[in-house]
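Numbers restart at 1 for each chain; the letters A, B, ... are given by sequence-line order, proteins then strands.
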Amino acid sequence: MPQRLVILGGGTGGTIMANRLRKHYGADELTITVVDRDDTHVYQPGLLFVPFGHVHVGDIVRPRHRQLHHHIDFREDEVSAVDIEAQTVSLAGGDTLDYDVLVIATGARLLPDETEGLTDAGWMERIFTFYTPEGAAALAEALARFDGGRVVVNVVDLPIKCPVAPLEFSFLADAYFTERGIRDKVELTYVTPLDGAFTKPVASATLSSMLGDKGIELVTEFNTGSVDGDGGRIVSWDEREVPFDLLVTIPLHGGAEYVGRSPGLGDELDFVPADEHTLQSKAKPNIFVIGDASNLPASKAGSVTHFEGEVLTENVRRFLAGEELDGSYDGHANCFIETGFGKALLIDFNYETEPLPGHFPAKVGMPLLKNSRLNHLGKLMFESVYWHALLPGRDVPGIAAAMPTSGKEHPDDDAPDAATDA
Amino acid sequence: MPTATYAGTDVTVNDEGFFEDPTQWTEAMAPELAAGEGIDTLTDRHWEVIRFMRSEYDAKGTGPTVRILGKTSGVPVKELYQLFPKGPAKQAAKVAGIPKPRGCI
């Protein structure tokens, strides 16, 4: 009898896990079933470019089932609930799947309705989010019509997917309006609940000063309580207001709905608590979590999911073999940050080490925390790497699960990095 | 590491005044800590939040965010801001003697 692996979610994490484990086991040893509610795999980093007309939604979407190797069963159905005691997944279509190991890869869900007024007056007219394909496409049309006024980018609360994306949007908006010759008619404001542009001090200082250089106003510690679409203002819980003509919102995020319907599985926000280093769920030893669906204190980002995939493939193998788990996931994340005008920054960090300047992956390499054209090209090239190497489960040369340290400049280093920029 | 004195006892705090070691905290220290945050009187509702912060920290190793406080503490977010006007998650954590809530990244 083969053992049964069920993977909930056919996005980045679910696809990587299915393909990596399929290579590892013959079909007579392990059956692999991937469940997703639709067959549309979105290359989510591409959404950032849709509002500016650089990319169309059709360009960044492919069928989920086509990304999966042979002998992986793809089920298009909604998950009703997981019964962690009976080890079953019930589907909305009526079927029940039994599992020996369950991998949760259902990502994060946007919850715009949880903020008072956000989806009332003006929603999808003057209030948009680029975090969905529909929102990004509608925002592209609104930006094309926009000829001046106040544009506000508002992060409602954390955690969010790709925490740098709202900053990138602001930088790209600055470039977009400049290229259209109307930058002097646009007031750009970045409104965040954090006490700076980003969570980690060194990167936050760099990114805050970059906002200032581009004339983007930064409003910090703003916890959005309500949105008034008619009046064109966002209001914080402590009763401050920021006026807007066009609001780009990053709504509240939560985990998948079925998590809340599955007793013992998730937390208050429907994320699934898991061990930070092994990715084993706190709910049951035979349930593992990858990517945005977990409650780990790591970025909700594709790079994190990719690095987790390496560790988790090994841990599912060890679990099935009855061996001790590998606790080596270190929180490694790696993000390009588009800054406009064909340039980008690169940041690389983990649970322990904040994003620092230097070079990646070693002393000679791509510049870290520094604007460069090479980083922008790296970001553009990555889409091809995503579909053709990362999802199929191939190792991507030079990008490993453990964070490299040799190229980084620590704040107390006195010897500056001698390498020159490529 | 800086130290501070509350209710006549020396405690270890970080640069922003958050406790490094929550076991050093006693309820007698809360009024002084609150005064430092501009909160003159601790009402029953304040105490409800403070005790909730302590139990969340004990269970999870980090203080809750405002959103989780609003969902689970029994005190709605609007009222949390009336009780702790400069930000409930941070201010209540400081008064409750737990480390600064771990930000998400």
Side-chain angles (χ1 to χ4, degrees), chain A residues 108 111 114-116 155-164 192-196 198-201 203-204 220-226 235-240 252-254 260 267-271 273 276 282 292 294-301 304 331 333 335 347 349-351 354-355, chain B residues 1 13-18 20 34 37-40 45-46 48-49 51-95 98-105:
Chain A
L111 304 167
E114 284 200 13
T115 300
E116 186 188 329
V155 178
V156 174
D157 200 359
L158 298 167
I160 59 169
K161 292 190 271 188
C162 191
V164 295
T192 171
L194 298 174
D195 58 8
F198 195 60
T199 44
K200 303 290 173 173
S204 185
T220 58
E221 297 188 83
F222 189 97
N223 288 286
T224 307
S226 62
V235 184
S236 67
W237 288 107
D238 57 359
E239 288 165 4
R240 287 181 288 154
L252 292 175
H253 284 41
D267 67 11
E268 301 87 345
L269 305 180
D270 297 336
F271 292 114
E276 291 177 15
K282 301 278 171 79
D292 300 351
S294 85
N295 79 335
L296 297 195
S299 291
K300 296 197 180 299
V304 167
C335 314
I347 58 174
F349 55 104
N350 67 11
Y351 291 138
E354 65 169 311
Chain B
M1 204 62 79
V13 295
N14 78 355
D15 297 338
E16 294 174 86
F18 288 90
E20 289 285 326
E37 293 294 301
I39 300 165
D40 296 333
R45 287 297 260 181
H46 284 104
E48 215 171 296
V49 178
R51 295 199 177 105
F52 185 82
M53 298 297 288
R54 297 286 303 181
S55 67
E56 279 283 295
Y57 181 82
D58 284 342
K60 296 178 183 166
T62 181
T65 63
V66 179
R67 189 172 158 206
I68 290 176
L69 270 177
K71 273 182 186 285
T72 54
S73 68
V75 181
V77 175
K78 193 153 193 76
E79 189 184 345
L80 286 166
Y81 272 94
Q82 287 158 0
L83 297 170
F84 301 96
K86 289 182 196 149
K90 278 193 204 169
Q91 280 195 310
K94 197 176 272 186
V95 178
I98 63 172
K100 187 176 175 180
R102 192 164 60 182
C104 302
I105 56 170

TODO: Please flag which part of A/D195 lies under 4.5 Å from any non-hydrogen atom of chain B: side chain, backbone, both or neither.
DONE: side chain
TODO: Check whether A/D157 gets within reach of chain B through its side chain, its backbone, both or neither, counting any heavy atom under 4.5 Å.
DONE: side chain
Task: Winner by heavy-atom pair count (cut-off under 4.5 Å) against chain B, out of A/L296, A/V164, A/N223 - done: A/N223
TODO: Would you indicate whether A/E116, at its atom CD, is surrounded by more than 12 heavy atoms from other residues, nucleotides or ligands within a distance under 6.0 Å?
DONE: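 Atom CD in A/E116 is not crowded, with 12 or fewer foreign heavy atoms closer than 6.0 Å.
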Open item on the list: Nearest 0.5 Å, please: how far is CG in A/D238 from CD in B/Q82?
Closed with: 12.0 Å
TODO: Sort B/K90 into side chain, backbone, both or neither according to what part of it lies under 4.5 angstrom from a heavy atom of chain A.
DONE: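 Only the side chain of B/K90 comes within 4.5 Å of chain A.
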Open item on the list: Between B/V77, B/T72, B/I68, who has the most heavy-atom pairs with chain A when the cutoff is under 4.5 Å?
Closed with: B/V77
Open item on the list: Salt bridge or not between A/E114 and B/K71? Use side-chain N to carboxylate O under 4.0 Å.
Closed with: yes
TODO: Looking only at non-hydrogen atoms, find the nearest pair between B/R67 and A/P159 and report the distance.
DONE: NH1-CD, 4.4 Å
